[in-house]
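Chain identifiers are assigned alphabetically (A, B, ...) following the order of the sequence lines, protein sequences preceding nucleic acid strands; residue numbering begins at 1 within each chain.
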There are 2 protein chains.
Amino acid sequence: MLSQTEENYLKNLFNVGDGEKEVGTNELAAYLGVKPASVNDMLKKLKEKKLVDYEKYGKISLTEEGRRKAVEVVRKHRLWETFLYSTFDFTWDEVHEVAEQLEHIQSAKLVNKLDEFLNYPAYDPHGDVIPNAKGEMPAVHKKTLLEEVVGHHCTMVAVKDNSAPFLQYVSRLGLGINNKLTVVARHAYDGQMEIEVNKKVVTISPRFAQNIVIVCDDCGKK
Amino acid sequence: MLSQTEENYLKNLFNVGDGEKEVGTNELAAYLGVKPASVNDMLKKLKEKKLVDYEKYGKISLTEEGRRKAVEVVRKHRLWETFLYSTFDFTWDEVHEVAEQLEHIQSAKLVNKLDEFLNYPAYDPHGDVIPNAKGEMPAVHKKTLLEEVVGHHCTMVAVKDNSAPFLQYVSRLGLGINNKLTVVARHAYDGQMEIEVNKKVVTISPRFAQNIVIVCDDCGKK
DNA sequence: TTTTTTTGTTAGACAAATCTAACTTTTATT
DNA sequence: AATAAAAGTTAGATTTGTCTAACAAAAAAA
Ligand SMILES: [Mn+2]
Ligand SMILES: [Mn+2]
Ligand SMILES: [Mn+2]
Ligand SMILES: [Mn+2]
């Protein structure tokens with residue numbers, strides 16, 4: 001079994017550079033908050049365990065197996081964030097630190113129950129995609145509600161403003177993370193928008209709309 | 001801050017011998033599943049930190065501060081067990097292993113929210129008392145429902161039989177951990193008992209009653 | 001009260017994860 | 001191409017928690 005430290009290296013290797021850009025020792029060290037020498041030591045160990053591909057002075061990447069482990073940790077991290085946020089009323093900025101610990105709890109049953117309890121959420125409170133039980137993670141283009149096309153259906157995935165007045169107003173309107181929204185209308189006069197949520201239509205200002213992050217469910221679908 | 005290992009030593013020191021009997025190096029080592037030499041090393045460190053009282057070749061005990069830390073870990077352990085049991089449908093015997101990990105999560109807010117979410121439970125699924133937020137832990141005499149006096153009020157704290165048929169029958173009757181029960185009657189003919197739970201009276205067999213662990217709420221009260 | 005058994009301690013070794021300081025390779029700049 | 005800068009590596013040290021094997025003290029048995 002992997003140590004917490006090994007799990008953290010894999011997860012951060014997965015997150016740094018968003019899976020695309022090549023990563024080196026120094027960059028990963030800075031990201032992890034340790035010294036390059038420590039990263040170098042750990043890379044040898046992870047290579048030995050066939051979790052990373054790495055040649056001396058070369059770039060670092062995850063193996064298939066390494067990626068699988070990393071995604072599992074990311075999944076747990078984001079499920080716990082969602083749980084803390086939606087069940088225990090943690091704020092957007094409080095969840096990360098605790099999820100950083102909870103992501104290392106070893107219990108397949110617990111993860112599955114958590115997922116089920118939260119009704120299989122697709123996004124965490126920061127709007128990041130939660131990998132499903134198979135480790136699948138659809139790539140997704142986020143935008144603000146202000147930019148959404150009239151008539152389109154979308155999912156609310158995050159807020160940009162974390163102030164109490166804003167958040168109170170959000171919940172007053174019946175909005176919440178992972179809610180399905182439909183843009184009913186946008187008025188040219190002052191940019192006011194009408195949004196349908198849970199069978200009810202509410203009217204919001206453009207300023208408000210700009211602070212709601214969504215994923216379009218119609219865009220890019222055939 | 002304490003390491004997980006230090007927390008485990010304190011918790012097990014608290015649990016071994018139920019706070020009464022004096023404990024030595026060998027006994028604690030056996031309880032923790034490590035060698036006496038390891039315990040000896042750790043005791044020096046914990047003594048240094050003023051968490052245990054210990055003299056060479058003497059008996060081991062917790063200081064005030066050590067006891068406080070231990071109780072906090074016990075509290076978290078039992079709250080998590082209760083959560084897993086009552087919210088995520090873990091069985092009686094599955095909860096311990098996961099709680100062993102969750103008890104080390106550092107977040108005062110999380111513990112408080114958990115306690116609130118569970119409605120401040122007094123007992124965990126094994127019938128052990130959950131210390132409250134102040135670290136108070138009333139000593140308590142458990143017995144089976146079969147032994148309870150007619151007319152007395154009590155709290156169901158655990159089951160002795162963990163088989164599926166029994167547990168299904170328990171929930172069918174509307175019984176559950178931390179429920180308040182009243183013994184309405186006991187029939188001399190065959191020992192059948194009538195129990196009031198949630199305003200309803202159900203009839204149970206003596207065999208059934210013997211597998212329900214309770215704490216009397218009337219006994220020992222003035 | 002000796003002797004034996006149990007209990008507890010110490011020294012020395014080891015694995016994991018980190019660091020510093022010195023060194024090497026690669027890349028960028030002149 | 002030579003030099004300077006950046007990136008990456010290594011050796012050796014440190015901390016934490018563990019172990020084994022040898023030793024010492026205390027308790028129990030004879
Ligand atoms: Mn972590
Ligand atoms: Mn997140
Ligand atoms: Mn533990
Ligand atoms: Mn318990």
Side-chain angles (χ1 to χ4, degrees), chain A residues 1-17 20-62 66 69-70 73 100-101 103-106, chain B residues 1-17 20-62 66 69-70 73 100-101 103-106:
Chain A
M1 222 224 298
L2 296 178
S3 69
Q4 293 203 181
T5 309
E6 289 170 323
E7 287 193 341
N8 279 334
Y9 270 87
L10 295 178
K11 185 192 69 171
N12 285 288
L13 203 36
F14 180 83
N15 283 334
V16 75
E20 269 312 306
K21 178 170 50 91
E22 297 256 86
V23 179
T25 311
N26 281 9
E27 189 178 355
L28 183 54
Y31 199 74
L32 279 162
V34 298
K35 299 296 168 182
S38 308
V39 169
N40 198 272
D41 286 346
M42 181 57 85
L43 286 177
K44 288 175 187 167
K45 211 168 66 171
L46 294 176
K47 185 185 176 177
E48 188 59 39
K49 293 190 177 184
K50 297 201 194 321
L51 296 167
V52 301
D53 284 323
Y54 185 59
E55 296 304 328
K56 215 170 157 181
Y57 295 107
K59 292 301 178 182
I60 314 164
S61 62
L62 291 165
K69 300 275 192 190
V73 178
E100 201 59 39
Q101 302 174 59
E103 71 190 359
H104 303 291
I105 302 295
Q106 302 295 326
Chain B
M1 221 223 298
L2 297 178
S3 69
Q4 293 203 180
T5 308
E6 289 169 325
E7 287 193 343
N8 279 334
Y9 270 88
L10 295 178
K11 185 191 70 172
N12 284 288
L13 203 37
F14 180 84
N15 283 334
V16 74
E20 267 314 304
K21 176 171 52 92
E22 297 256 86
V23 178
T25 311
N26 282 9
E27 188 177 355
L28 182 55
Y31 199 75
L32 279 162
V34 298
K35 300 294 167 182
S38 308
V39 169
N40 199 273
D41 287 346
M42 181 58 85
L43 286 177
K44 288 175 186 166
K45 210 167 67 170
L46 294 175
K47 185 184 177 178
E48 188 60 38
K49 292 190 176 184
K50 298 200 193 319
L51 296 166
V52 301
D53 284 323
Y54 185 59
E55 296 303 327
K56 216 169 154 180
Y57 295 106
K59 292 301 179 184
I60 313 164
S61 61
L62 291 164
K69 301 273 192 191
V73 178
E100 201 59 40
Q101 303 174 58
E103 71 191 359
H104 303 291
I105 302 295
Q106 302 295 326

Classify A:Ser38 by what it touches in the nucleic acid, base, sugar-phosphate, or nothing, heavy-atom distance under 4.0 Å.
base

[atom1] of [X] versus [atom2] of [N]: gap in Å, rounded?
X	N	atom1	atom2	value
A:Met42	C:dA15	CE	C1'	12 Å
B:Lys47	C:dT9	NZ	C1'	14 Å
B:Leu43	C:dT7	CG	P	16 Å
B:Glu55	D:dA26	CD	P	13 Å
A:Leu2	C:dA16	CG	P	13 Å
A:Asp41	D:dA13	CG	C1'	12 Å
A:Ile60	D:dA7	CD1	C1'	11 Å
B:Lys59	D:dA25	NZ	C1'	13 Å

DNA chain C-proximal residues of residues 23-32 of chain A, any heavy atom under 4.0 Å:
none

OP1 or OP2 of [N] sitting under 4.0 Å from any side-chain N/O of [X]?
X	N	result
A:Ser3	C:dA16	no
B:Tyr9	D:dT16	no
A:Lys44	D:dT10	yes
B:Asn40	C:dT9	yes

Once you round to the nearest 0.5 Å, how far does [atom1] of [X] lie from [atom2] of [Y]?
X	Y	atom1	atom2	result
B:Leu13	B:Leu43	CG	CG	7.5 Å
A:Ile105	B:His104	CD1	NE2	9.0 Å
B:Met42	B:Leu51	CE	CG	10.5 Å

Would a distance-only check, ignoring hydrogens and angles, find a side-chain to backbone donor-acceptor pair under 3.5 Å from A:Glu7 to A:Leu2?
no

Using a 3.5 Å distance criterion without hydrogens, assess whether the side chain of A:Lys11 forms a donor-acceptor pair with backbone atoms of A:Val73.
no

Ignoring hydrogens, what is the shortest heavy-atom contact between A:Leu10 and A:Ala70? Give both atom names and the distance.
O-CB, 3.6 Å

Beyond-backbone contact of B:Tyr9 with B:Val34, side-chain heavy atoms, under 4.5 angstrom:
yes

Does A:Glu6 pair with A:Lys69 as a salt bridge, N-O distance under 4.0 Å?
no

Check B:Glu27 with B:Lys59, please: is the shortest side-chain N to carboxylate O separation under 4.0 Å?
no

State which of D:dG8, D:dC19, C:dT18 makes the closest approach to the side chain of A:Val34.
C:dT18

Filtered N/O pairs between nucleotides 21-27 of chain C and protein, under 3.5 Å:
| unit_1 | atom_1 | unit_2 | atom_2 | d |
| --- | --- | --- | --- | --- |
| C:dT25 | O4' | A:Tyr57 | OH | 3.3 |

